[in-house]
Student: 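The structure under discussion is supplied below as structure tokens; questions concerning it will follow.
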Amino acid sequence: MTDTADTTETADRTPGRTRVERYDPTAIEPRWQARWAELGLHDTDLQETSRPKYYLLTMYPYPSGDLHIGHWYIVTPSDALARFRRMHGYNVFFPIGFDAFGLPAENAAIKNGGHPFTWTMKNIENMRRQFRTMGATFSWKHEVVTADPAYYRWNQWLFLRFLERGLAYRQRSAVDWCPNDGTLAREQVEGPERRCWRCGELVEKRDLDQWYLKTTAYADELLSFDGIDWPEPIKIQQTNWIGRSEGAQIDFETAPTDHHEGGASIRVFTTRPDTLFGATFMVLAPEHPLVTELTAPGRRAEVDAYVAQARRRTEIDRLSTDREKTGVAIGADAINPVNGERIPIFIADYVLAGYGTGAIMAVPAHDERDFALATAFGLPIRRVVAAPGTEAGDPMSDAYVAHAADERLVNSGRYDGMGADDGGRAIVAALAERGAAEPTVTYRLRDWLISRQRYWGTPIPVIYCERDGIVPVPDEDLPVLLPETVDYRGRGDNPLNHDAAFLRVTCPRCGEAARRETDTMDTFVDSSWYWFRYLSPDRTDGPVDRAMTDAWTPVDQYTGGAEHAVMHLLYARFWTKAMRDCGLIGEDEPFRRLFNQGQILGADGERMSKSRGNVEDPDELVGRFGADTVRLFLMFMGPWDQGGPWSPTGIGGVHRFLNRVWTLALDPHGREHGDPDAGHLPVGESAADAAAAIRAAAHRTLRDVTEDYDGFRFNTMVAKLMELANTLYRYRGTEAAGDTEWDEAIRLLLLMLAPAAPHITEEIWSRQATGAGRPWTSIHEESWPIVDERAIAVSVHEIPVQINGKLRDRVVVATGADQATIEAAVLASPKVQAALAGRTPDRIIHAGGKLVNLVVRGA
RNA sequence: GCCGAAGUGGCGGAAUGGCAGACGCGGCGGUCUCAAACACCGCUGAGGGCAACCUCGUGUGGGUUCGAAUCCCACCUUCGGCACCA
């Protein structure tokens, strides 16, 4: 053994210098992590019912390879919350898993060879190991890996139930297509020319038969957020995404021409049937099925070229209102059903095939895009609704777009003089009588396209038979396993299409040779029900355990990135409702409360990704400062819902704070050089004053910190703990240190800090027990302390005084003093008198005993 | 472009109708040290003043109010989403 006398002497060489061992997180943290695991301190017993349940869910990660600082940012405040709730007596379930299917694994395999499975599992292994260094209290026994057949077979099983109920269907729709690499994801289409990321070929559209889920069947139910406590902006975004529009479908008949006999029906959707008299042309989506049939031979070339061009554009581009409007007349006319007028038919890319009926009546007077197109083509613009202060004949420089409810109809044939809403109803009713219109609700929400032409996903369990058509794979044949070997042939298209052993099957109905579906499912399918599976991950007789889901769901608190505001969070709601309708679960909503944390960006302000090379590895920081410092720093950085570019600047301050807590708790009587007042109570303060001040500070902090944890305000929570530590530091080494109030304050400080910095608090707790000769118990099994309001109560307080809204002085008054007393104190202030300069206040505003404002008229 | 969010010291941020800048970083000064580091103490929005103090100040412009960083209107900038990244 080395003689340690020297080093002890060195550490102690300055008088009054700290005598305790230094805070060394690297020695402490792994020890406690092992101890917690050994004791199973945080393995949730889902069968236990003696305590209320609390299901805390954090969005499971994609196994991209390494745990970066963004994962810590997402997980560690959630873990603090889990620990906080446990201290409140809840049986907390805080599971974790991996969203293991998806494009990156496949890209890695195409690029570097190997198998997506190998790549994914290696990453998961690594991330599991890194997760443990956080000290996060995950219920690892309930882990779910979506690429495991034990999970994805239930995607298949659930798909088949949806198919039985008519919630899944097949329809032809377009994908971005590269002739060499097959279907491309949006991120694989590059540049304004839209080229393939791998081979550089121009991307085209290809129509494929694909599988959809009927999300629109639940559109109205998804618009209701009853019974769930979600942030308002998220509810607004989902509401707008669903985009319910009430209006009418109206049939226009085509007029006979040289090349077309007429009489074909074009159904349009409009939210403004009252403006039908102003329809001066029609616009079809370039993809509309009637385009080919109606196009005049002389217009064919131009129309075909326009259609081809439109199909290459993105929807964002097509719908952009500031882009110049383009369109082509197809050389056919339609008849306006209200007045028999012949109006020309156009195609234009701002009309989408997938919204409404894929065709509109164009009313340039009252729609900006129609106005732009009418102006470009010199088409008539006929006003139907008068803007306030305008007359029917006034020239229009712009479309007048407003709400029907408070408008007056003009120029509307026999409906003149009606309000716009009534006019619309009247027009629809009249047309409906002859079967040419019907009131309709349309949604912007589209059904969910779940087909992916890729290997690394859940195989869609259907078989195509020449005789029996689409045949579901029988339940007893599930799972349809992905073949173990995969040959990408150095290309991007779906290797399942070239795997004969996978493709060739016999029809489950007739036994004849048939072909297996090669599309796999969107990974959002996996994430649409994983929290149910966490409750019974090993179950083999069904996707969920009904007794478990009844007891534990809905999830009490879900946390995750705001980037999932619409897609994942809407799919999850849809899936829950669909499972409910299949009788599998009993709830309408998946997540009772939602919190969307912000995103940590790279130092360059961009999203962290390996390809950008801006991924921040926390291991170095954890090695230098310890997990507790990194956890606390991430919470302290700013509001959790904000995120922002990563910078470790300032982490030293958080580390210093933990050191100060260590010193306060383990060496309360020590003194440091540098403080001229060290060892003395503040001037004019007795030991009793000091004790009361310490107690008040501790309980005020407890009150505020409890509210901050509850409201996810972790940054101010840490700031208030720092303030308390600063207050206690002023009393360190004085006679107040170590007295009853001091010990209570230290105890509260440790308990409040325990959820956020679990290792250092556990270590101090254990040392204190040892020092006092008590047996060890974990700080994480303690109850959250109770605020003593009497300790916080004050007898006098300071009131700021303003004159005309400008701060002039502060006066001290007794707590609870009446307005007359306060006014007397205010007017007695020399500063106030000086500022008044002989004037008398016209008004005196008392802001609830918190502030006084004297209003003086005339400068 | 459309939907949602955010703009406050040199920096991260606090205050969501009532004292702008809590807490922390950085900077400056000091104690300790042979010295440095660590630790500790003090100061630190800008401008003016010897000082007491005064003036200005929360992206820009307007408005509501006794009082606005906070509420309303318009605009600018940045971030998230826009249906095959997850």
Side-chain angles (χ1 to χ4, degrees), chain A residues 13-15 17-18 22 59 61-62 64 99 101-104 107 175-176 183-189 232-234 236-237 239-241 243 314-323 354 445-446 448-454 522-524 527 561-568 570-571 596 598-599 601 605 607 609 633 636-639 641-645 647 649-654 656-657 659-660 663 671-678 715-716 718-723 726 729 798-802 804-807 810 831 841-845 847-848 850-856:
Chain A
R13 73 185 186 277
T14 40
R17 206 61 192 264
T18 202
R22 287 185 46 151
M59 287 180 190
Y62 179 80
S64 53
D99 187 13
F101 276 136
L103 198 53
N107 288 343
V175 296
D176 283 322
T183 305
L184 298 181
R186 207 173 74 177
E187 66 166 21
Q188 297 174 317
V189 178
E232 214 53 45
I234 304 293
I236 292 168
Q237 280 186 81
T239 302
N240 293 339
W241 182 263
T314 64
E315 276 185 25
I316 291 174
D317 189 23
R318 285 174 62 164
L319 290 172
S320 171
T321 48
D322 75 348
R323 188 173 60 91
L445 178 72
R446 304 203 288 252
W448 176 11
L449 171 66
I450 60 159
S451 279
R452 297 292 181 268
Q453 292 77 50
R454 306 190 194 291
D522 181 2
T523 55
F524 276 128
S527 55
E563 68 272 20
H564 292 297
V566 276
M567 306 193 63
H568 160 59
L570 200 58
Y571 292 142
N596 283 118
Q599 218 174 3
L601 307 171
R607 265 186 70 167
S609 72
F633 176 63
F636 182 58
M637 265 174 44
D641 56 3
Q642 206 165 288
S647 162
T649 309
I651 193 168
V654 172
R656 202 164 297 132
F657 162 66
N659 264 302
R660 284 161 74 87
T663 305
R671 295 175 195 173
E672 311 291 326
H673 279 282
D675 182 358
D677 301 322
N715 56 330
T716 52
V718 177
K720 283 159 193 165
L721 292 178
M722 285 174 166
E723 254 176 295
N726 291 345
Y729 236 83
E798 206 176 51
I799 295 185
V801 182
Q802 295 181 338
N804 289 339
K806 281 191 177 177
L807 180 72
R810 300 180 176 87
K831 283 185 188 173
D842 298 289
R843 255 178 95 185
I844 299 179
I845 313 269
K850 280 192 298 183
L851 174 143
V852 171
N853 189 16
L854 308 181
V855 184
V856 186

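Just so we're on the same page: letters track the sequence lines, and every chain starts at 1.
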Student: Mind checking A/Val718 for me? I need base, sugar-phosphate or nothing, with any heavy atom below 4.0 Å counting as a touch.
Tutor: nothing
Student: Give one of base, sugar-phosphate or nothing for A/Phe524, where a contact means two heavy atoms less than 4.0 Å apart.
Tutor: base
Student: Taking the nucleotide of RNA chain B with the closest heavy atom to each, which residue, A/Glu315 or A/Leu854, is nearer the 5' end?
Tutor: A/Leu854
Student: NA contact type, A/Ile845, heavy-atom cut-off 4.0 Å: base, sugar-phosphate, or nothing?
Tutor: base
Student: Pairing check on B/rG29: which nucleotide meets the Watson-Crick or G-U wobble criteria with it, both distances under 3.5 Å?
Tutor: B/rC41
Student: Using a distance-only criterion (donor-acceptor N/O pair, under 3.5 Å, no hydrogens), is the base of B/rC40 paired with the side chain of A/Arg671?
Tutor: no
Student: Quick check: on RNA chain B, is the nucleotide nearest A/Ser320 upstream (toward 5') of the one nearest A/Leu184, or the reverse? Name the residue that is more 5'.
Tutor: A/Ser320
Student: OP1, OP2 of B/rG24 versus side-chain N and O of A/Arg656: anything below 4.0 Å?
Tutor: no
Student: Is it the case that B/rG12 (base atoms only) and A/Gln642 (side chain only) share a donor and an acceptor within less than 3.5 Å, ignoring hydrogens and angles?
Tutor: no
Student: Taking any heavy-atom pair under 4.0 Å as a contact, classify A/Pro61: base, sugar-phosphate, or nothing.
Tutor: nothing
Student: Look at the rings of A/Trp448 and A/Tyr571 and say which category their plane angle falls in: under 30° parallel, 30 to 60° tilted, over 60° perpendicular.
Tutor: parallel
Student: B/rC41 base to A/Asp675 side chain: any donor-acceptor pair below 3.5 Å?
Tutor: no
Student: Quiz question: going by heavy-atom distance under 3.5 Å, is there a donor-acceptor pair between the base of B/rC84 and the side chain of A/Gln453?
Tutor: yes
Student: Are A/Leu570 and A/Leu445 close enough that some pair of their side-chain heavy atoms sits under 4.5 Å apart?
Tutor: yes
Student: Flag the pair A/Ile234 / A/Asn596 as yes when at least one side-chain heavy-atom distance between them is below 4.5 Å, and no otherwise.
Tutor: yes
Student: Give a yes/no on whether any side-chain N or O of A/Asn715 is located under 4.0 angstrom from OP1 or OP2 of B/rA22.
Tutor: no
Student: Look at the side-chain N and O atoms of A/Lys806 and state whether any lies under 4.0 Å from the OP1 or OP2 oxygen of B/rC19.
Tutor: no
Student: Counting distance alone, no hydrogens or angles: does the base of B/rC66 have a donor or acceptor under 3.5 Å from a partner atom on the side chain of A/Arg843?
Tutor: no
Student: Mind telling me whether B/rG4 is syn or anti, cutoff 90° either side of 0?
Tutor: anti
